[in-house]
Colleague: 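Here you go, one structure.
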Protein chains: 2
Amino acid sequence: MALGKDYVGQDCSLSRALELLGERWTLLVVQNALYGVRRFSDFQVRLDIPKAVLSDRLAHLIEGGVMRKSQYQTAPPRYEYLLTDAGIELWPVIFAIGVWSRRNLGGEPPRLFRHAECGTDLVPSGDCPKCGPIEPAEVEMYPGPGPKRMDPVSRAMNRPRRLLEPVIPEQ
Amino acid sequence: MALGKDYVGQDCSLSRALELLGERWTLLVVQNALYGVRRFSDFQVRLDIPKAVLSDRLAHLIEGGVMRKSQYQTAPPRYEYLLTDAGIELWPVIFAIGVWSRRNLGGEPPRLFRHAECGTDLVPSGDCPKCGPIEPAEVEMYPGPGPKRMDPVSRAMNRPRRLLEPVIPEQ
DNA sequence: CTACCCCGGTTCAATGAACGAACCGACACT
DNA sequence: AGTGTCGGTTCGTTCATTGAACCGGGGTAG
């Protein structure tokens with residue numbers, strides 16, 4: 001999507017954002033990164049995405065300044081994929097789409113979000129109703145009533161935890 | 001994207017929303033509907049989108065309850081495409097992506113948004129800083145410094161006007 | 001009456017993207 | 001020496017997008 005045959009000629013910010021974020025899987029990758037997924041193989045397990053596509057999407061996100069690649073061991077060289085500040089700023093977008101989806105498409109949420117400090121669930125704007133606007137790192141996710149995946153990565157994510165806190169699948 | 005090879009197995013609201021909204025062009029169609037575009041040919045002129053794709057996307061949006069088709073003349077039968085309430089509720093999502101894009105990808109905005117009643121520009125959350133949360137119908141768009149398309153539909157959109165107010169290209 | 005235009009589409013061949021299976025290289029462990 | 005893990009790449013098949021051509025109902029100008 002990002003080469004040549006884009007949303008050329010569009011004059012709005014939305015089209016520029018969609019060239020980067022509008023490809024299939026991309027927003028789900030960012031969402032999982034917010035949820036703490038960092039490793040190539042963990043994204044792959046959680047998303048059931050072809051490796052070639054994941055590789056392509058991560059490359060585009062890095063190119064676009066949304067994620068960055070960081071080496072976490074040298075022998076053999078291994079990398080993890082982290083959100084940049086620009087990427088973390090996508091939290092309101094992802095939360096807003098989730099809110100819209102639950103209101104308008106229905107379905108039980110597998111995860112809920114509350115302000116870690118005071119335990120109050122976030123309102124649709126993404127703010128804490130008691131404390132006002134909060135950072136993604138102040139948000140705690142905890143299991144909701146909806147169905148959950150049972151792969152090791154998802155299971156590690158089903159414990160209450162803050163956004164951006166690294167997911168460590170057991171074994 | 002919406003048939004068979006979807007984001008099956010994903011457990012989150014985001015993936016359900018993306019099955020409907022994540023296809024190429026779809027969010028741009030919704031955005032233009034919020035900006036007042038209603039007719040098939042006007043979407044087509046504004047977006048430079050293949051007719052077959054536009055037809056497909058409108059059908060999916062109707063199926064998903066985001067838009068509805070309304071007859072505006074009988075001989076010959078002509079239809080316009082309107083947002084449902086669910087569709088109008090996508091305004092915060094679209095505004096949030098636009099805000100993110102301007103902050104993180106740069107570029108001059110061709111359009112700015114203010115509260116129609118008091119004339120104050122909206123804050124990133126989409127609220128009016130003086131009056132608090134407001135409805136999309138209370139938002140007025142007006143030309144910003146960025147480049148603008150010059151097709152008849154876009155030209156009609158470059159005058160200050162409220163969201164959802166129908167665009168009527170001259171001629 | 002005829003020709004042409006507008007609107008809202010559909011059809012079709014060519015191109016490009018996504019999928020999934022197979023493979024690979026570096027290293028660790030047994 | 002063989003097996004396993006991580007982070008990929010390669011490749012043939014399938015699916016989606018594109019742009020051009022076509023179409024039909026009706027209005028309008030000559």
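Remember, predicted model here, so these are calculated numbers, not experimental data. Numbers restart at 1 for each chain; the letters A, B, ... are given by sequence-line order, proteins then strands.
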Colleague: Send over the distance from B:D56 CG to D:dT17 P, rounded to a whole Å.
Modeller: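 After rounding, the reported distance stands at 7 Å.
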Colleague: Taking transitive links into account, so neighbours of neighbours count too, which hydrophobic residues share a cluster with A:I168 at under 4.5 Å side-chain distance?
Modeller: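 Other cluster members: none.
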Colleague: Atom CD of A:Q44 and atom C1' of C:dA22: how far apart are they, to the nearest Å?
Modeller: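 To the nearest whole Å, that distance equals 14 Å.
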Colleague: Between B:T84 and B:R68, does any side-chain donor sit less than 3.5 Å from a side-chain acceptor?
Modeller: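 Not at all, the side chains of B:T84 and B:R68 share no donor-acceptor pair under 3.5 Å.
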Colleague: Give B:Y81 one of three labels, base, sugar-phosphate or nothing, depending on what nucleic acid heavy atoms sit under 4.0 Å from its own.
Modeller: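 Sugar-phosphate, backbone atoms only, no base.
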Colleague: Would you indicate which nucleotide in D:dG25, C:dT11, C:dC7 comes nearest to any side-chain atom of B:A52?
Modeller: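 That would be C:dT11.
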Colleague: For B:F113 and B:Y35, take the angle between the two ring planes, folded into 0 to 90°, and tell me which bin it lands in: parallel under 30, tilted 30 to 60, perpendicular over 60.
Modeller: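 Judged by the thresholds at 30° and 60°, the geometry between B:F113 and B:Y35 is tilted.
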Colleague: Measure CZ/B:R24 against C1'/C:dT15 and give the value in whole Å, please.
Modeller: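 One finds 13 Å between C1' of C:dT15 and CZ of B:R24, rounded.
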Colleague: Would A:R111 count as a cation-pi partner of A:Y142, with NZ or CZ less than 6.0 Å from the six-membered ring centre and within 45° of the ring normal?
Modeller: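 No cation-pi geometry.
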Colleague: Could you tell me how far apart A:Y79 (OH) and C:dC27 (P) are, to the nearest whole angstrom?
Modeller: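 Taking OH of A:Y79 and P of C:dC27, I get 12 Å after rounding.
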Colleague: Mind calculating the distance between CZ (A:R39) and C1' (D:dT5) to the nearest angstrom?
Modeller: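 It works out to 10 Å between those atoms.
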Colleague: May I ask you to list the residues sharing a hydrophobic cluster with A:Y79, side-chain cutoff 4.5 Å, ordered by chain and number?
Modeller: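 Joined to A:Y79, directly or through intermediates: none.
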Colleague: Name the nucleic acid region contacted by B:F43, choosing base, sugar-phosphate or nothing; use a 4.0 angstrom heavy-atom cut-off, strictly under.
Modeller: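 No contact at all - B:F43 keeps every heavy atom at 4.0 Å or more from the nucleic acid.
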Colleague: Among C:dC19, C:dG8, C:dA17, find the nucleotide with the atom closest to the side chain of A:V53.
Modeller: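 For the A:V53 side chain, the nearest candidate turns out to be C:dC19.
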Colleague: Please report the distance, rounded to the nearest Å, between CZ in A:F40 and C1' in D:dT5.
Modeller: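 After rounding, the reported distance stands at 14 Å.
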Colleague: 5'-most contact on DNA chain C: A:W25 or A:R78, nearest heavy atom basis?
Modeller: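 Nearer the 5' end of the strand: A:W25.
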Colleague: Would you kindly compare A:T74 and B:S41 by the position of their nearest DNA chain C nucleotide and give the one closer to the 5′ end?
Modeller: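 Of the two residues, B:S41 wins.
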Colleague: Check every atom of D:dG7, C:dG9, C:dG8 against the side chain of B:S55 and return the nucleotide holding the closest atom.
Modeller: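 When the side chain of B:S55 is considered, C:dG9 is the closest of D:dG7, C:dG9, C:dG8.
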Colleague: Calculate the interatomic distance between A:E23 atom CD and D:dA16 atom C1'; express it in whole Å.
Modeller: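 Whole-Å distance recorded here is 14 Å.
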Colleague: Give the nucleotide from the list C:dG9, C:dC27, D:dG7 with an atom nearest to the side chain of B:K69.
Modeller: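 Nearest to the side-chain atoms of B:K69, counting from C-beta on, is C:dG9.
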Colleague: When the distance from CD1 of A:I49 to P of D:dG7 is rounded to whole Å, what number comes out?
Modeller: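 Atom-to-atom, A:I49 to D:dG7, this comes out as 15 Å.
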Colleague: With respect to the side chain of B:K51, which nucleotide from C:dA17, C:dC27, C:dT10 is positioned closest?
Modeller: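 Closest nucleotide to the B:K51 side chain: C:dT10.
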